[in-house]
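Letters go in sequence order (proteins before strands), and every chain restarts at 1. Side-chain atoms are counted along with the backbone in the values below, which use heavy atoms only and exclude waters and symmetry mates.
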Amino acid sequence: MSIRDKLTRLLGPEPAASPDRARVEQAMRGSRRPADIAEVVEGEDAGGGTFLVRRGHDVPVEFSEADPRWWAALAREPRWAGARREDVAFLDLETTGLAGGTGTVAFLIGLARVRDGRLETRQYFLRSPASEAAALARVEEELSGCTHLVTFNGKCFDLPLLETRFVMQRRELVTLPHLDLLHPARRVWKRRLEDCTLGRLEAEILGRARHGDIDGAEIPQRWFDWLALGDARPLAAVIEHNRLDLVALASLAGRLARLLANPSEAVHATDLFSLGSMMARDGDVRAEPTLGEALARGAREAAPELARVKKRRGARDEALPLWELAARDPGRRGLEAGVELAKHYEHKSKDPARAHAVTQGLLARGDLTTREREGLVKRLHRLERKRARTTGGFV
DNA sequence: TATGGGAATTGCGAAAGGTA
DNA sequence: TACCTTTCGCAATTCCCATA
């Protein structure tokens, strides 16, 4: 029995080849010789087996006009307030998989930065795992010339992975004030969009749909194929994907800053509500007018949030009509608003009979959790005792 | 498929208000 | 005045989701 036969018995038959893999193998079998990365993508040798792809782009207008203090608010990191746009780096990695740890390699490290009035992308491609030390040295050099860093989901993915690679190469990754756009993007748009992937945001928010873009899950295999077969043709789409991600990051950073600076520019009332909620959470005094405008533009869900802001300010009388409005909502917001109304009538209006009626109405709902029901029953019993004391009896 | 940030939920203690 | 109840804010925990 041959070694191949023994392995087949041990591991089972080989999995079916992916369409891309089949194409690469076809190219290998046919007359077309494998193409080097330099034949497929315009770039230059950056030393140590690293291939550098540079491209220039128009700086997104919203990015060039953004006031850095809004990035400070988005990042919840005051050090952003003093950022110069020219010193901001955008980072995006293409790797051999999602799993962290030492086994995952970043084979394409994309960086972007404004230079001489243009947004320049620099993508460092590793011809082999052995090129990593040289690539990381270049990245270290690039980042040490920057003061701030922007990523998408970089807190969980890009930065921990890059940090591990730096440790593996006995280097230290420079620590910069970091804005991970995923989280502010979720805060602003998750109520309206199906999800908050970068692709979705690019299409729905920036109005740029990509055609023929590679699925992220296919990316690792294309690099493995390159290592095995030496044909770089399937990698062109990976490099393009990474470049477009970098440009999208700059646009998104600009768009978010602009919306936070001028919330009224939000096209959708729901987005305006989200901006107001974000401001309320961050203690921004513009929360109240922003939520008020969202409500006026039809976002009824802004009513309870606006009422909470007013209540916190001590303006309970202004909050009352908002709770009354929200209480008509058959959903969870209506329940929360109803409880607030009951509290108001009991403790502020000193009208236990009215509070009792509101509580009884809430108990008739069919969507209460055990915990909510228990809370309402407790409230109802207390109100009954209270009313019995004030009227000398209870119905 | 692993990972971890952050929103949502839950738990706890201090403060305030009400009652005997 | 002392005790009890409720509210509110902060801390701890849970769950969701985006990345290649």
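What separates CZ of R316(A) from C1' of dA16(B) is a distance of 12 Å, to the nearest Å. To the nearest angstrom, C1' of dT3(B) lies 9 Å from CG of N153(A). We find that CZ of F152(A) is positioned 9 Å from P of dA20(C), with the value rounded to whole Å. At whole-Å resolution of the value, CG in L252(A) and C1' in dA18(C) are 14 Å apart. H344(A) has its NE2 atom 12 Å from the P atom of dC8(C), to the nearest Å. If you take CG of D158(A) and C1' of dC17(C), they are 15 Å apart, rounded to a whole angstrom. dA18(C) atom C1' lies 16 Å from atom CH2 of W189(A), rounded to whole Å. In this structure, I214(A) atom CD1 and dT19(C) atom C1' are separated by 15 Å, rounded to whole Å.
Partners of D58(A) by salt bridge (charged side-chain N to carboxylate O under 4.0 Å, His left out), not counting sequence neighbours, listed by chain and number: R118(A). Residues passing the ring-ring contact (aromatic ring centres under 6.0 Å, His included) test with F63(A), sequence neighbours excluded: W71(A), F90(A). Applying the salt bridge (charged side-chain N to carboxylate O under 4.0 Å, His left out) criterion to E318(A), with sequence neighbours excluded, gives K310(A), R313(A). Here A236(A) pairs with V40(A), V41(A) under the side chain to side chain contact (heavy atoms under 4.5 Å, CB included) rule; sequence neighbours left out. Scored by the salt bridge (charged side-chain N to carboxylate O under 4.0 Å, His left out) test, R84(A) finds E86(A), D87(A) as partners (sequence neighbours excluded).
Side-chain atoms of R379(A) lie closest to dT7(C) of the nucleotides dA18(C), dT7(C), dA20(C). Taking the side chain of R312(A) as heavy atoms from C-beta on, and the options dG9(C), dA18(C), dC8(C), the nearest nucleotide is dG9(C). Of all nucleotides listed (dA18(C), dT7(C), dT19(C)), dT19(C) comes nearest to the side chain of L98(A).
Pairs engaging residues 132-154 of chain A under the ring-ring contact (aromatic ring centres under 6.0 Å, His included) rule: W80(A)-H148(A) [sequence neighbours left out]. Identified under the ring-ring contact (aromatic ring centres under 6.0 Å, His included) test for residues 280-304 of chain A, with sequence neighbours left out: none.
Tested against T359(A), the residues V377(A), L341(A), L376(A) include a single side chain to side chain contact (heavy atoms under 4.5 Å, CB included) partner, L376(A).
Counting any heavy atom pair closer than 4.0 Å across all strands shown, D92(A) reaches sugar-phosphate atoms only and no base atom. D215(A) comes within contact range of no nucleotide atom at all, as no heavy-atom separation falls under 4.0 Å.
Between R200(A) and E194(A) there is a salt bridge, since a side-chain N of the basic residue sits under 4.0 Å from a carboxylate O of the acidic one. Between R210(A) and E202(A) there is a salt bridge, with a side-chain nitrogen of the basic residue lying less than 4.0 Å from a carboxylate oxygen of the acidic one.
Counting side-chain heavy-atom gaps under 4.5 Å among Ile, Leu, Val, Met, Phe, Trp and Tyr, V285(A) is found in no cluster with other residues. Hydrophobic side-chain contacts under 4.5 Å tie L295(A) into a cluster, directly or through other members, with F273(A), L291(A), L306(A), V309(A), L322(A), L325(A).
A heavy-atom distance below 4.0 Å to DNA chain C is reached by none of the residues of residues 201-213 of chain A.
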_Strictly under 4.0 angstrom, non-hydrogen atoms only: write out the protein contact profile of nucleotides 5-15 of chain B, one letter per nucleotide from the 5' end, B, S or -._
BSSS-SS----
*Per-nucleotide protein contact string for nucleotides 10-15 of chain C, where B marks a base within reach and S marks sugar-phosphate only (heavy atoms under 4.0 Å, - for neither)*: ------
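The phosphate of dT7(C) has OP1 or OP2 within less than 4.0 Å of a side-chain N or O from H347(A). Close to dG9(C), at under 4.0 Å from its OP1 or OP2, lies no side-chain N or O of R308(A).
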